[in-house]
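Have a look at the structure below, then the notes.
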Amino acid sequence: MKLPKIVTNIAGLATGWLRAEFGWVVLLAAGIALMGVYVLYQRLKADRDALLNFAQVTCARAGQSFDASVDRTRDARGRAVLVKHARGLLCAARVAALADFERDTAIASATTLATAKAEHDGKLGTDRAAATSNDTRTAAARAAMEKQNATVKADDRVDGEWFARLNDLAGMHQDR
């Protein structure tokens, strides 16, 4: 396939210009690359600053400093020693301890709630059985009272058995 003459002329002019200005083209490409590196560096610097700020705020809320520190402690022989802690090391330990506390508290709460629910369910079953037993006893007492009412004479005099059935109906009966 043959290219049109105008395209070959433009290509010839472009290659000629590139040969003549090759140094400037390389310099322009290097400048563009350096600008890209600068933009990436600025983004990296902003990310680092944001993470450092996050770490300082987190450590402050945890009650520990993020900065490097030195502690005086005693070694095994009882001599005073200086222990240097790297930046963020004590804070990381404090945050880890708080996370462990939160996890342990959540586990203990869940266990306590599960135990309370099981106990409640057990009591509920016992209460249902007692309610069923009371309903049965009440129905029997009502039937016995009706039967006893049917035996009352015309002069409306009642005997001790009638009062016993009335007490059963009212729930005032001796334990059986």
Side-chain angles (χ1 to χ4, degrees), residues 1 3-4 6-138 170-172 175:
M1 179 172 139
L3 293 174
I6 190 160
V7 173
T8 56
N9 285 343
I10 291 174
L13 285 173
T15 55
W17 178 80
L18 280 175
R19 282 188 194 136
E21 302 298 331
F22 186 71
W24 287 105
V25 171
V26 169
L27 185 61
L28 181 64
I32 291 172
L34 283 175
M35 285 178 16
V37 168
Y38 178 75
V39 168
L40 289 175
Y41 170 73
Q42 290 301 320
R43 285 185 184 168
L44 180 67
K45 189 174 158 188
D47 287 347
R48 183 207 59 197
D49 291 345
L51 286 174
L52 183 61
N53 183 43
F54 172 76
Q56 289 172 341
V57 168
T58 301
C59 291
R61 288 185 179 169
Q64 188 68 42
S65 174
F66 182 72
D67 299 329
S69 62
V70 176
D71 287 339
R72 288 180 184 243
T73 59
R74 302 244 176 227
D75 64 0
R77 295 181 182 167
R79 292 182 292 182
V81 242
L82 293 178
V83 178
K84 295 181 181 179
H85 300 285
R87 181 170 75 164
L89 187 65
L90 293 177
C91 175
R94 176 72 175 148
V95 169
L98 289 173
D100 290 345
F101 173 76
E102 182 180 10
R103 184 190 66 244
D104 294 344
T105 302
I107 290 171
S109 295
T111 303
T112 302
L113 287 173
T115 303
K117 183 175 179 354
E119 183 179 320
H120 176 266
D121 291 347
K123 287 180 180 180
L124 189 63
T126 304
D127 289 348
R128 278 191 188 130
T132 303
S133 172
N134 285 342
D135 288 346
T136 305
R137 193 175 314 144
T138 302
M172 298 185 302
D175 288 336

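Taking CD of Glu21 as the start and CG of Leu27 as the end, the distance is 11.5 Å to the nearest 0.5 Å. In this structure, Leu28 CG and Ile32 CD1 are separated by 4.5 Å, a value rounded to the nearest 0.5 Å. How far OG1 of Thr126 is from CG of Asp121: 10.5 Å, rounded to the nearest 0.5 Å. Here the CD atom belonging to Gln64 is positioned 10.0 Å from the CG atom belonging to Leu98, to the nearest 0.5 angstrom. With rounding to the nearest 0.5 angstrom, the CZ atom of Arg87 is 10.5 Å from the SG atom of Cys59. We find the NE2-CG distance between His120 and Asp127 to be 8.5 Å, quoted to the nearest 0.5 Å.
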- Message: Let's go through Thr58 and Arg61 carefully: what are the C-alpha distance in whole Å and the side-chain angles of both, what is the deciding distance for side chain to side chain contact (heavy atoms under 4.5 Å, CB included) to 0.1 Å, and is it a yes or a no?
- Response: CA-CA 5 Å; Thr58 301; Arg61 288 185 179 169; 5.9 Å; no
- Query: Please walk me through it: do Thr111 and Ile107 pass side chain to side chain contact (heavy atoms under 4.5 Å, CB included)?
  - Reply: CA-CA 6 Å; Thr111 303; Ile107 290 171; 4.2 Å; yes
- Item | side chain to side chain contact (heavy atoms under 4.5 Å, CB included) between Phe101 and Thr105, worked out | CA-CA 6 Å; Phe101 173 76; Thr105 302; 3.5 Å; yes
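Ser133 places no side-chain N or O within donor-acceptor distance of the main-chain N or O of Ala129, the cut-off being under 3.5 Å. In this structure a side-chain-to-backbone donor-acceptor pair under 3.5 Å is present from Arg94 to Ala62.
Listed here is the closest heavy atom pair of Ser65 and Cys91: O-CB, 3.8 Å. For the pair Asp75 and Val81, the tightest heavy-atom approach, listed with the atom from each and the gap, is N-CG2, 3.6 Å.
Environment of CD in Glu102: sparse, with no more than 12 heavy atoms of neighbouring residues, nucleotides or ligands closer than 6.0 Å. In Arg43, the CZ atom is not crowded: 12 or fewer heavy atoms of neighbouring residues, nucleotides or ligands sit closer than 6.0 Å.
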